[in-house]
Amino acid sequence: MITSRRMAAVDVNAESLGVPRKQLMESSGNAVARVCRDLTDPGSSVAIVAGRGNNGGDALVAARFLKEYDVTVHLLGRPETISTDIARENWEALVASEADIQTVTDSATFELDDPDLVVDAMLGTGVTGALREPEATAARALNDSSATVLSVDVPSGVDADTGEAAGVAVEADHVVTFHDDKPGLGSLDCDVTVEDIGIPVAAEVFTGPGDLLSLRRDPQSHKGDHGDVLVVGGGPYTGAPALAAQAALRAGADLARVACPEHVAREVQGYSENLIVRGFSGDHLAPDHVPELLDFAADRDVVVFGPGLGDHDESLAAVREFLAAYDGTAVVDADALQVVPDVETEATLICTPHQGELVKMGGETDTDWETRRELVREFAADLGHVLLVKGAYDVVSDGDEDRVNRTGNPGMTVGGTGDVLAGATGALASVLPPLDAAAVAAYANGRAGDAAADEFGGGLVATDLLERLPAALEGDQHE
């Protein structure tokens, strides 16, 4: 089972692995044609109702494979508005072959005639909301037809993740979907065929450029919509909380705050005028500070707990008290990690240990990344929290699903890169589900490190990653 958002990411990841979307469209179209052959006999009439995106492109490919059928293609809209290059190429191939094609520029002119089979390829899994024209009129025509209706990937007008429709939707008899089943299809009264189109397993296992697609910002967004992150740390160290907070800003958070002992607050503030620093009494975090921190954290989207905190007994006791009472989202890093296994909490935790810290928490590791992946998944399930275990291959798991990240380089063993990762994870957890936030943070942090290594060679420092995080999070940079 795969959501529409995850499917879009996997498509892009497959392309980055050397399987272009044009090849996937060819495989998808061939799969549609195979199901058409299963549903009707050679010589039968087939009406293909195609939208102007890649869903329609799949069906345009299918038309080329249905030579033994009487096929008519109805394109909804003007050919020059076909939205992708590969769909346009397949339309032009049909034009050049003098196929029976019709363009529907006015919904009032749409006519199906009386086909034996209709292929609904108007809209795919990435489109939600009520159908507009001419798709709405076409959907009604399909529903009024006596023909068998085959939908490509999902019936047009139906949300692939929920199975719900915001208005009129195609009432399909059959659905052919690709790579994996979609959550919303199980609630529909139709037969579903899942076709393998050659997407590599690695496109789902490994993070890639597709994972960045979910970071697109609404152009109408306002300050605060993309995260208000609180970093709790410092005392023994001042650079760590400052790095984490600056990383949160570089990773897209609108606001980054630091709560630290007042005797180092001025030093932390000195790292950047962009930080909002709040000091608490004493030279380390203690249980007496927890009530005030809980009040302060209540208005924040995510708390990053641990950078530079140290392992003073009172500090660890304070972490326990805070997590036991907190019910928001927290990224837990560094010395704070060791208390997580013993705390009962309603909070959503993303833990970011390196392998030594993982073992200290009670987990196991292995030199083989695939074995480590299994061990991390099992430990995440036991903990009930998301784990991002750092290594040459980072492993991210929530106990059910996992991702592996292989960006990064040996120069990133330098101090501070983990603080950058924790801060970036905090920012991303403000706008993404926890597993996705951790996976994207690991991927982007590694890309930033790789960009720095390409520029400087050896001798990286953590601030090199800070400067390169925004570019590393750009979703249009395919590898």
Side-chain angles (χ1 to χ4, degrees), residues 2 4 7-15 19-37 46-67 69 71-105 110 117-128 131-132 134-135 138-139 142 149-158 160 170 172 174-180 182 193-199 203 210 213 478:
I2 189 168
S4 57
M7 189 68 233
V10 168
D11 278 343
V12 174
N13 288 348
E15 186 171 27
V19 184
R21 277 181 277 190
K22 182 175 182 179
Q23 181 176 327
L24 294 178
M25 183 174 286
E26 195 75 7
S27 297
S28 299
N30 206 339
V32 172
R34 286 197 299 272
V35 177
C36 288
R37 295 188 194 100
V46 178
I48 292 176
V49 184
R52 290 163 291 153
N54 283 344
N55 188 258
D58 295 337
L60 299 179
V61 171
R64 291 193 279 104
F65 286 97
L66 294 172
K67 298 173 185 175
Y69 294 83
V71 178
T72 302
V73 176
H74 304 262
L75 179 71
L76 300 186
R78 299 186 305 276
E80 58 267 27
T81 63
I82 292 174
S83 61
T84 71
D85 291 341
I86 52 176
R88 187 177 302 108
E89 288 173 9
N90 282 298
W91 170 257
E92 291 169 353
L94 290 179
V95 172
S97 64
E98 299 188 359
D100 184 358
I101 54 179
Q102 301 178 19
T103 58
V104 181
T105 56
F110 179 76
L117 175 69
V118 181
V119 177
D120 157 37
M122 293 187 283
L123 298 172
T125 58
V127 181
T128 58
L131 293 181
R132 301 178 181 179
E135 289 82 8
L142 267 65
V149 177
L150 169 66
S151 288
V152 177
D153 227 7
V154 63
S156 296
V158 172
V170 171
H174 302 267
V175 174
V176 54
T177 195
F178 310 120
H179 182 64
D180 202 350
K182 310 304 184 296
T193 300
V194 179
E195 289 284 345
D196 183 352
I197 57 172
I199 292 175
L213 294 178
H478 290 199

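Along the sequence shown, the residues carry numbers beginning at 1.
- Ala63 and Val73 get closest at one heavy-atom pair: CB-CG2, 4.0 Å.
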From CA spacing to verdict: side chain to side chain contact (heavy atoms under 4.5 Å, CB included), Asp100, Val71: CA-CA 7 Å; Asp100 184 358; Val71 178; over 6 Å; no
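- A distance of 9.5 Å separates CG of Leu213 from CG of Asp11, quoted to the nearest 0.5 Å.
- Note: Glu26 CD to Gln23 CD = 9.0 Å, rounded to the nearest 0.5 Å.
- Partner of Glu195 under the side chain to side chain contact (heavy atoms under 4.5 Å, CB included) criterion, out of Val35, Asn30, Val32: Val35 alone.
- If you run side chain to side chain donor-acceptor pair (under 3.5 Å) between Arg88 and each of Thr84, Asp85, Asn90, only Asp85 comes through.
- Not a single donor-acceptor pair under 3.5 Å links the side chain of Asp58 to the backbone N or O of Ser28.
- Considering only heavy atoms from C-beta on, Ile2 comes within 4.5 Å of Val10 through its side chain.
- A donor-acceptor contact shorter than 3.5 Å is absent between the side chain of Thr125 and the backbone of Ser4.
- Put simply, the side chain of Val176 does not reach to within 4.5 Å of the side chain of Asp153, judged on heavy atoms.
- With a 4.5 Å cut-off on side-chain heavy atoms, Val154 and Val175 do not count as touching.
- Among all heavy-atom pairs drawn from Asn55 and Val152, the shortest one is ND2-O, 2.9 Å.
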Steps toward side chain to side chain contact (heavy atoms under 4.5 Å, CB included) verdict (Val49, Glu135): CA-CA 9 Å; Val49 184; Glu135 289 82 8; over 6 Å; no
Applying side chain to side chain contact (heavy atoms under 4.5 Å, CB included), run through Met7 and Ile199 and close with a yes or a no. CA-CA 11 Å; Met7 189 68 233; Ile199 292 175; 3.4 Å; yes
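- Looking at every heavy atom in both residues, Gly53 comes nearest to Ala87 through O-CB, 3.7 Å.
- No side-chain donor-acceptor contact under 3.5 Å links Asp120 to the backbone of Ser151.
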Pair Trp91-Thr103, side chain to side chain contact (heavy atoms under 4.5 Å, CB included): steps then yes or no: CA-CA 11 Å; Trp91 170 257; Thr103 58; 3.9 Å; yes
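- Looking at every heavy atom in both residues, Gly210 comes nearest to Asn13 through N-OD1, 2.7 Å.
- More than 12 heavy atoms of other residues, nucleotides or ligands shown are found within 6.0 angstrom of CD on Glu80.
- Across all their heavy atoms, Ala14 and Leu24 have their closest contact at CB-CD1, 4.3 Å.
- How far CG of Leu94 is from CZ of Arg64: 7.0 Å, rounded to the nearest 0.5 Å.
- Atoms CZ and OH, on Arg37 and Tyr69 in that order, are 6.5 Å from each other to the nearest 0.5 Å.
- In terms of modelled atom types and a separation under 3.5 Å, the side chain of Lys182 and the main chain of Phe178 share a donor-acceptor contact.
- Atom CG of residue Leu117 and atom SG of residue Cys36 lie 5.0 Å apart, to the nearest 0.5 angstrom.
- No hydrogens or angles considered: a donor-acceptor pair under 3.5 Å links the side chains of Arg52 and Thr81.
- Between Glu15 and Lys22, none of the side-chain N atoms (NZ, or NE/NH1/NH2) sits under 4.0 Å from a carboxylate O, so this pair counts as no salt bridge.
- Contact between Met122 and Ser156 at its shortest, heavy atoms only, is CB-OG, 3.3 Å.
- Going from atom CG of Leu76 over to atom CZ of Arg132 covers 14.5 Å, rounded to the nearest 0.5 Å.
- Using a 4.5 Å heavy-atom threshold, the side chains of Val104 and Leu75 count as separate.
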